[in-house]
Amino acid sequence: MTAPNPSPLKRRNFLGLGAASAAALPMGALAAPAATSSAKLLTVLHITDIHLRPEYDAPARCGKILRAIRQRHRDIGLVINTGDSIYAADYKNITRERVEEQWKLWDEVVMPELKGLPMLHTVGNHDTWWAGPEGDPMRGVPYVCKRLGIAEPYTRTSQGGWEILTLENSSGSLGKGQQDWLFQQLDALPAKAPLLVAGHLPLFSLAGDYDGGNMSGAKAVIDKLAAREAPVVALSGHIHLRSSEELWNIRFHCNGSLSGYWWEPGDRKDCGYKRTPMGYAILKLWPDGRSECSYLPVEKLAFR
């Protein structure tokens, strides 16, 4: 999702986290059956569009939020960050120093607060710096991977009885090479293994239909996922709006932004974006393929 152009930077008074109207939040999840044993439950913290920046007291506020999340949800077994980790590196006027400043905050604020938790990352469209010359080591996706500590921009792993694929769709689509890789991975997966697919842009979402930003060329991917016997969960961010849809065996969860309106006051006092307050999601995964996804606004946290 396009962040406000940071140059020139406009400083406004910080309005605080505030209190959102309950009616403003599309709460609830695509519910799993009532009999849900937690014996082998995997609890996933989904954070997206953190857009960390030095302005608007964002570092202190972000650290406070992450600490409160960990205090509230002590059973987190995996963190999935679906990109736009820093505010913006992609504009033409962004300098090398500005990029380094933002990633330094990531190292100093986010990573210490999430220390000890397994993490998966995807690249966001605002994470990549393109103003540098061709061949510059800071230019493009590889540098983002380096800063996030991931070897490759798209990966396959497994946890809690689920297969997990991360995608690199920050450019708006999958290249042929990545789509070929994805289809090969899907063909190789056990037919009855539940699958989680995570990427920055949604494969499909009403949020993206409303505000723009679903991945281009996703139909072929969705058709491939729909051909699987087992349940699929597709996790994304990018839109800063929250919506959940179910189609065939696929549950699509596009979750709202931890930064709301890029940490700025925005169009609501709670710093949300178009009636979605700043927040995070808790995804519950059972090894038999059942799942629940709940989006939680940050102002509901108990801050200490």
Side-chain angles (χ1 to χ4, degrees), residues 1-5 18-31 46-51 80-85 87-88 90 122-127 167-174 196-223 225-226 232-283 291-300:
M1 201 62 191
T2 302
N5 195 316
S21 166
L25 178 65
M27 289 295 292
L30 294 173
H46 177 217
I47 50 177
T48 191
D49 299 271
I50 297 175
H51 287 286
I80 298 181
N81 161 41
T82 51
D84 279 0
S85 299
Y87 175 59
D90 56 322
T122 69
V123 177
N125 56 295
H126 284 300
D127 293 329
L167 304 181
E168 203 298 275
N169 60 7
S170 65
S171 65
S173 62
L174 301 181
L196 171 63
V197 180
H200 183 59
L201 274 68
L203 299 177
F204 173 77
S205 71
L206 291 181
D209 282 350
Y210 168 73
D211 215 30
N214 286 341
M215 190 184 89
S216 176
K219 185 177 184 300
V221 176
I222 293 172
D223 286 343
L225 296 174
V232 178
V233 170
L235 204 60
S236 64
H238 182 59
I239 316 296
H240 292 222
L241 300 179
R242 194 263 178 174
S243 71
S244 286
E245 293 77 44
E246 187 168 7
L247 184 64
W248 304 305
N249 60 323
I250 312 170
R251 290 179 169 185
F252 301 89
H253 299 294
C254 175
N255 286 311
S257 167
L258 193 76
S259 66
Y261 196 87
W262 299 270
W263 300 104
E264 300 180 34
D267 58 359
R268 291 177 55 84
K269 290 183 179 180
D270 61 17
C271 306
Y273 179 73
K274 296 186 179 180
R275 298 171 295 281
T276 293
M278 54 199 301
Y280 62 98
I282 293 294
L283 180 65
S291 66
E292 292 179 352
C293 186
S294 300
Y295 184 71
L296 304 170
V298 298
E299 81 268 8
K300 300 294 185 182

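Note that the structure is a prediction, hence the values are computed from the model and not measured.
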Return yes if some donor-acceptor pair links the side-chain N/O of [X] with the main-chain N/O of [Y] below 3.5 Å, else return no.
X: His200; Y: Thr82; value: yes
X: Asn214; Y: Phe204; value: no
X: Asn249; Y: Val232; value: no
X: Trp263; Y: Ile50; value: yes
X: Asn255; Y: Ala281; value: no
X: Ser243; Y: Ser205; value: no

Closest heavy-atom pair and its distance - [X], [Y]:
X: Ala234; Y: Ile250; result: CB-CG2, 4.5 Å
X: Gly172; Y: Met215; result: O-CG, 3.4 Å
X: Ser170; Y: Gly124; result: CB-C, 3.6 Å
X: Cys293; Y: Arg242; result: O-NH2, 3.5 Å
X: His238; Y: Gly213; result: CD2-O, 3.4 Å
X: Pro297; Y: Pro277; result: CB-CG, 4.0 Å

Nearest 0.5 Å, what's the [atom1]-[atom2] distance between [X] and [Y]?
X: Ile239; Y: Asp211; atom1: CD1; atom2: CG; value: 7.0 Å
X: Leu196; Y: Leu283; atom1: CG; atom2: CG; value: 6.5 Å
X: Ser259; Y: Glu264; atom1: OG; atom2: CD; value: 9.5 Å
X: Thr276; Y: Leu241; atom1: OG1; atom2: CG; value: 4.5 Å
X: Asp90; Y: Asp127; atom1: CG; atom2: CG; value: 8.5 Å
X: Lys274; Y: Tyr210; atom1: NZ; atom2: OH; value: 5.0 Å

>> For Tyr273 and Trp262, I'd like to know if the aromatic rings sit close, meaning centre-to-centre distance below 6.0 Å.
In response: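 Yes, the ring centres sit under 6.0 Å apart.
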> Does a side chain donor of either Ser244 or His253 reach within less than 3.5 Å of an acceptor in the other side chain?
Replying inline: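 A donor-acceptor contact under 3.5 Å links the two side chains.
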>> Regarding Ser291 and Arg251, do their side chains bring together a donor and an acceptor under 3.5 Å, going by distance alone?
In response: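 The criterion, which ignores hydrogens and geometry beyond distance, is satisfied for Arg251 and Ser291.
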> Are Phe252 and Leu206 close enough, and set up right, to give a side-chain contact (heavy atoms from CB on, under 4.5 Å), and what steps lead you there?
Replying inline: CA-CA 10 Å; Phe252 301 89; Leu206 291 181; over 6 Å; no
>> So, applying side chain to side chain contact (heavy atoms under 4.5 Å, CB included) with Ile80, which one of Leu235, Thr48, Thr122 is it?
In response: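 Testing each of Leu235, Thr48, Thr122 against Ile80, the sole residue satisfying side chain to side chain contact (heavy atoms under 4.5 Å, CB included) is Leu235.
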> Are Val197 and Val233 side-chain neighbours, meaning at least one heavy-atom pair lies under 4.5 Å?
Replying inline: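 The answer is no, as the side chains (C-beta and beyond) never meet within the 4.5 Å cut-off.
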>> Which label fits His240 and His51: parallel for a plane angle under 30°, tilted from 30 to 60°, or perpendicular past 60°?
In response: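 Taking His51 first and then His240, their aromatic rings sit tilted (interplane angle of 30° to 60°).
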>> Please determine whether side-chain contact (heavy atoms from CB on, under 4.5 Å) holds for the pair Asp49 and Leu258, giving the CA-CA distance in whole Å, both sets of side-chain angles, and the decisive distance to 0.1 Å.
In response: CA-CA 6 Å; Asp49 299 271; Leu258 193 76; over 6 Å; no
> Hey, mind stepping through Ser173 and Asn169 against side-chain hydrogen bond (donor to acceptor under 3.5 Å, both in side chains) and telling me if it holds?
Replying inline: CA-CA 5 Å; Ser173 62; Asn169 60 7; over 6 Å; no
